[in-house]
Amino acid sequence: VVNEALKEGVSPRLLWNPSHARLSLHQVPGTLLAALWLQLARAIDGNRQYRQCEECRNWFEIASPDGGRKDKQYCGF
């Protein structure tokens with residue numbers, strides 16, 4: 001189901017990455033629904049963990065591959 005949804009709404013794109021001063025490959029959703037499917041696929045792939053913010057009760061990712069901490073209690077908004 002996830003693969004079919006990704007096939008319909010997500011496209012690979014080479015985009016400029018200014019922090020690395022080069023092109024890099026990105027997965028770009030075409031719609032909000034496609035973005036949600038992509039987020040689900042990344043959560044499955046990366047075995048990511050989520051928690052509700054103690055302040056606003058919004059869900060946010062913890063222990064992300066980009067260096068997020070597992071002990072975060074607040075989303076930062």
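In this chain, numbering begins with 1 at the start of the sequence shown.
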>> One pair to check against side-chain contact (heavy atoms from CB on, under 4.5 Å): Asn58 and Tyr74. What are the steps and the verdict?
In response: CA-CA 9 Å; Asn58 285 329; Tyr74 302 97; over 6 Å; no

With rounding to the nearest 0.5 Å, note down the distance linking [atom1] in [X] to [atom2] in [Y].
X: Glu8; Y: Asn3; atom1: CD; atom2: CG; answer: 11.5 Å
X: Arg22; Y: Leu15; atom1: CZ; atom2: CG; answer: 12.0 Å
X: Trp16; Y: His26; atom1: CH2; atom2: NE2; answer: 11.0 Å
X: Gln39; Y: Tyr50; atom1: CD; atom2: OH; answer: 5.0 Å
X: Ser11; Y: Leu6; atom1: OG; atom2: CG; answer: 10.5 Å
X: Thr31; Y: Leu38; atom1: OG1; atom2: CG; answer: 10.5 Å

>> Is there a path of hydrophobic side-chain contacts, each under 4.5 Å between heavy atoms of I/L/V/M/F/W/Y residues, joining Val10 to Ile44?
In response: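 Ile44 clusters together with Val10.
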
For the residue pair [X] and [Y], what are the closest heavy atoms and their distance?
X: Cys53; Y: Cys75; answer: SG-N, 3.4 Å
X: Ala34; Y: Gly9; answer: CB-O, 3.3 Å
X: Pro12; Y: Leu25; answer: CB-CD1, 4.1 Å

>> With side-chain contact (heavy atoms from CB on, under 4.5 Å) as the criterion, how do Arg13 and Gln27 come out once you've worked through the C-alpha distance, each side chain's angles and the decisive distance to 0.1 Å?
In response: CA-CA 6 Å; Arg13 297 273 196 272; Gln27 298 166 331; over 6 Å; no

> Hey, does the side chain of Arg51 reach the backbone of Glu61 with a donor-acceptor pair shorter than 3.5 angstrom?
Replying inline: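 Pair absent, no side-chain N/O of Arg51 close to backbone of Glu61.
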
> When you measure from the side chain of Gln52 to the backbone N and O of Arg57, does any donor-acceptor pair fall under 3.5 Å?
Replying inline: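 Yes; judged by distance alone, with no hydrogens or angles, the pair exists.
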
>> side-chain contact (heavy atoms from CB on, under 4.5 Å), that's the test. Do Val2 and Leu40 meet it? Break it down for me.
In response: CA-CA 8 Å; Val2 175; Leu40 174 62; 4.0 Å; yes

>> Set out, in order, the CA-CA distance, both residues' side-chain angles and the distance that settles side-chain contact (heavy atoms from CB on, under 4.5 Å) for Arg42 and Asp45, then state yes or no.
In response: CA-CA 5 Å; Arg42 287 180 173 161; Asp45 174 57; 5.6 Å; no

>> Quick one, Leu23 and Asn17 - any side-chain contact, counting heavy atoms below 4.5 Å?
In response: no

